[in-house]
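Okay, structure first, notes after.
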Amino acid sequence: MQVIETLAEGLKREIKVVIPAKDMQDKMNERLADVKDKVRINGFRPGKVPAAHLKKVYGKSIMADLVNEIVREQPAAILSSRGEKSATQPEIAMTEDKDEADKILAAEQDFEFTLSYEVLPPIELKSVKGIKVTREVIDISDDEVNEQVLKVAESARAYETKTGKAANGDRITMDYVGKVDGEAFEGGTDQGAELVLGSGRFIPGFEDQLVGVKAGVEKTITVTFPADYPAKNLAGKEATFDVSVKEVAAPADVEINDELASKLGIESADRLKEIVRGQIESQYGSLTRQKLKRQILDQLDEMYKFETPNSLVDAEYNGIWSQVNNDLAQSGKTFEDEDTTEEKAREEYKTLAERRVRLGLVLSEIGEKAGVEVSEDEMQRAIYDQLRQYPGQEKQILEFFRSQPGAAASIRAPIFEEKVIDHLLTEIDVTDKKVTKEELLAEEEGEAKAETKKAAPKKKAAAKAEAADAGEGEEAAPKKKAAPKKKAADESAE
């Protein structure tokens with residue numbers, strides 16, 4: 001077998017592989033010899049079939065199997081012998097001429113194919129001793145815990161039916177039908193909807209017009225959707241809602257005690273406070289971690305400058321760009337609405353994709369040299385977390401992970417990256433700094449504003465793409481029924 005390099009330009013490589021017809025003939029003869037005693041052909045005793053007849057009957061199928069084995073196994077072996085790692089699966093090109101293909105299968109012509117790929121760039125790791133980061137830590141006050149516990153208590157507040165008029169703070173239960181120009185619009189109808197007056201959940205003017213109603217009252221409310229309402233077919237339009245009030249209920253007093261905790265399935269009020277404190281600590285810890293990681297990645301980005309494989313950058317960019325366009329489609333906005341152009345946005349996101357690929361390669365090299373591994377238990381826990389997000393679809397999801405190697409890799413990659421960050425935190429200079437809640441959040445808001453200036457529509461999925469550098473992200477909001485709420489039509493009335 002001849003292996004000839006025909007292109008070495010930057011990270012691009014092209015390899016021509018030639019296997020002489022005689023070698024293919026020899027391999028075919030070996031296979032024919034193996035099957036000679038196993039095949040049954042009418043008119044011949046087992047093991048007595050002439051070689052020429054065996055070749056006539058089985059030659060082409062055996063050669064086809066040989067060709068498939070070669071193109072499946074040889075690329076990895078060739079790259080290994082060259083000491084190279086391909087950024088993506090090498091592209092394999094063979095002749096498409098039928099006559100030539102027939103000659104190859106008849107072992108009358110050399111078998112040739114080409115490999116086209118990009119190599120992963122060599123990365124010479126640098127010392128991380130010079131990396132200095134600040135870990136912002138926050139003391140959680142009893143007042144903040146009590147404030148959050150109160151919110152939990154209020155969410156579980158009981159309401160008692162009243163016969164009088166509804167006032168702010170009361171909960172009404174109602175049916176309603178929303179109309180524009182006299183026609184009911186999609187998502188504007190609900191039955192048994194509950195609304196606490198004064199909560200500000202619905203668009204301006206809706207709740208105010210329900211103050212003073214009683215159970216059994218039917219009323220038509222007229223409101224105007226905000227000009228920036230996400231559902232373009234409703235934005236800025238006047239609408240009416242035919243409301244039928246089913247019940248008016250007054251809020252009961254909120255008390256934080258063991259009885260409340262018991263209603264929530266918790267043994268005591270003290271235990272409730274412990275759980276809430278732990279949740280707050282987790283939230284702040286996550287924010288601190290994100291900011292730490294951003295500092296590390298920013299400094300690694302400054303330390304390493306090298307050519308990145310276009311194939312990886314393009315794949316990363318396509319993923320980001322798809323998120324951006326999905327977000328724009330969902331919001332009904334354009335690049336102009338976001339104070340940019342498509343051309344500028346593409347340029348910004350291409351830069352982001354290059355950064356993410358480069359940092360990914362650096363972290364991979366650091367992790368490999370440090371012996372970082374993702375255990376099977378860690379993978380199982382991550383997959384289980386995925387299953388919990390899709391109740392009822394566990395079997396399909398498990399099958400997906402079993403049948404798609406790339407799916408498992410997508411689970412392993414973020415775990416590996418976080419473990420590399422953990423490793424780096426043991427090697428670099430980390431200084432703890434006490435900050436207030438306001439300082440922690442104010443700095444994050446400042447970073448978010450700076451991010452917004454860098455590129456196009458930094459919202460939801462698009463923002464998630466850029467934030468992924470620091471492990472940031474947000475879960476998708478639950479889809480709710482549409483109606484007169486302030487938010488987008490697909491996140492409206494609960």
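What you see is a predicted model, and the numbers here were worked out from it, not measured in a lab.
- Annotation: side chain of T334 is not in contact with side chain of L328 (no heavy-atom distance under 4.5 Å).
- Under 3.5 Å, the side chains of E378 and S375 contain a donor-acceptor pair of N or O atoms.
- In this structure a side-chain-to-backbone donor-acceptor pair under 3.5 Å is present from Q209 to G205.
- Side-chain contact between V223 and T240: absent, with no pair of heavy atoms (C-beta onward) separated by less than 4.5 Å.
- K273 and D270 are not joined by a salt bridge, as no carboxylate oxygen comes within less than 4.0 angstrom of a charged side-chain nitrogen.
- A salt bridge links E365 and K369; the closest N-O separation between the charged side-chain nitrogens and carboxylate oxygens is under 4.0 Å.
- A donor-acceptor contact shorter than 3.5 Å links the side chain of T288 to the backbone of Y284.
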### side chain to side chain contact (heavy atoms under 4.5 Å, CB included) between E316 and R356, intermediate numbers included
CA-CA 8 Å; E316 188 70 33; R356 290 177 63 177; 3.0 Å; yes
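- Counting only heavy atoms from C-beta outward, the side chains of V248 and T161 never approach each other to under 4.5 Å.
- Side-chain atoms of D170 and N168, non-hydrogen and from C-beta on, never get closer than 4.5 Å to each other.
- Contact of the L359 side chain with the Y304 side chain is not registered, since no non-hydrogen atoms from C-beta on lie closer than 4.5 Å.
- Within the 3.5 Å criterion, the main-chain N or O of V145 finds no donor-acceptor partner in the side chain of R277.
- E147 contributes atom CD, which lies 12.5 Å from atom CG of D142 (distance to the nearest 0.5 angstrom).
- In summary, R201 and E207 do not engage in a salt bridge, as defined by a charged side-chain N under 4.0 Å from a carboxylate O.
- Counting heavy atoms from C-beta outward, V372 and F416 have side chains that approach closer than 4.5 Å.
- Atoms CZ and CD1, on F400 and I383 in that order, are 11.0 Å from each other to the nearest 0.5 Å.
- In this structure a side-chain-to-backbone donor-acceptor pair under 3.5 Å is present from K162 to K165.
- For E73, the CD atom sits in a packed shell: over 12 heavy atoms of surrounding residues, nucleotides or ligands are nearer than 6.0 Å.
- Of the possible polar contacts, none joining the Q295 side chain to the V133 backbone as a donor-acceptor pair under 3.5 Å is found.
- The number of heavy atoms from other shown groups lying within 6.0 Å of CG (D181) does not exceed 12.
- Ionic pairing of K344 and D339 is not present here: no N-O contact between side-chain nitrogen and carboxylate oxygen is shorter than 4.0 angstrom.
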#### Entry: Chi angles and distances behind the side chain to side chain contact (heavy atoms under 4.5 Å, CB included) call for I280, Q148
CA-CA 9 Å; I280 296 173; Q148 292 301 317; 3.6 Å; yes
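- Annotation: E154, atom CD; neighbour count of heavy atoms from other residues, nucleotides and ligands within 6.0 Å is above 12.
- Annotation: the span from D377 atom CG to Y384 atom OH amounts to 14.5 Å, rounded to 0.5 Å.
- E136 and K291 are joined by a salt bridge, as a carboxylate oxygen and a charged side-chain nitrogen come within less than 4.0 angstrom of each other.
- Annotation: Y349 is not in aromatic contact with Y317 [ring centroid separation under 6.0 Å not met].
- N318 places a side-chain N or O within 3.5 Å of a backbone atom of D314 that can act as its donor or acceptor partner.
- Residues E418 and K293 are paired through a salt bridge, judged by an N-O separation under 4.0 Å between the basic side chain and the carboxylate.
- Between the S403 side chain and the E399 main chain, a donor and an acceptor come within less than 3.5 Å of each other.
- No donor-acceptor contact under 3.5 angstrom links the side chains of E238 and T224, judged on distance only.
- You'll find the side chain of L300 reaches within 4.5 Å of the side chain of I131, heavy atoms only.
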### Task
Under the side chain to side chain contact (heavy atoms under 4.5 Å, CB included) rule, what do K246 and D175 come out as? Steps first, then yes or no, please.
CA-CA 7 Å; K246 301 301 182 183; D175 299 341; 3.0 Å; yes
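- Note: W321 and F335 have parallel aromatic rings, judged against thresholds of 30 and 60 degrees for the angle between ring planes.
- Between the side chain of N326 and the backbone N or O of S322 there is at least one donor-acceptor pair closer than 3.5 Å.
- Separating the CD atom in E281 from the CG atom in D139 is a distance of 10.0 Å, to the nearest 0.5 Å.
- Salt bridge present: D422 and R289 bring a charged side-chain N and a carboxylate O closer than 4.0 Å.
- Counting only N and O atoms by type, the side chains of Q283 and Q279 include no donor and acceptor under 3.5 Å apart.
- At distances below 3.5 Å, at least one donor-acceptor pair connects side-chain atoms of S410 with backbone N or O atoms of A407.
- By the neighbour-count criterion of 12 heavy atoms within 6.0 Å, atom CD of E347 is sparsely surrounded, having that number or fewer from other residues, nucleotides or ligands.
- At least one test fails for K237 against the ring of F225: distance under 6.0 Å to the centre or angle within 45° of the axis.
- The side-chain tip of K12 does not point at the ring of Y117 from less than 6.0 angstrom away and within 45° of straight on.
- Using a 4.5 Å heavy-atom threshold, the side chains of V243 and T220 count as separate.
- Distance NZ/K129 to CD1/I428: 10.0 Å, rounded to 0.5 Å.
- By the neighbour-count criterion of 12 heavy atoms within 6.0 Å, atom CD of E160 is sparsely surrounded, having that number or fewer from other residues, nucleotides or ligands.
- For E255, the CD atom counts as loosely surrounded, since its 6.0 Å shell holds 12 or fewer non-hydrogen atoms of other residues, nucleotides or ligands.
- Taking the charged nitrogens against the carboxylate oxygens, K132 and E427 have no contact shorter than 4.0 Å, which rules out a salt bridge.
- Using modelled atom types, one side-chain atom of S199 and one backbone atom of V196 make a donor-acceptor pair closer than 3.5 Å.
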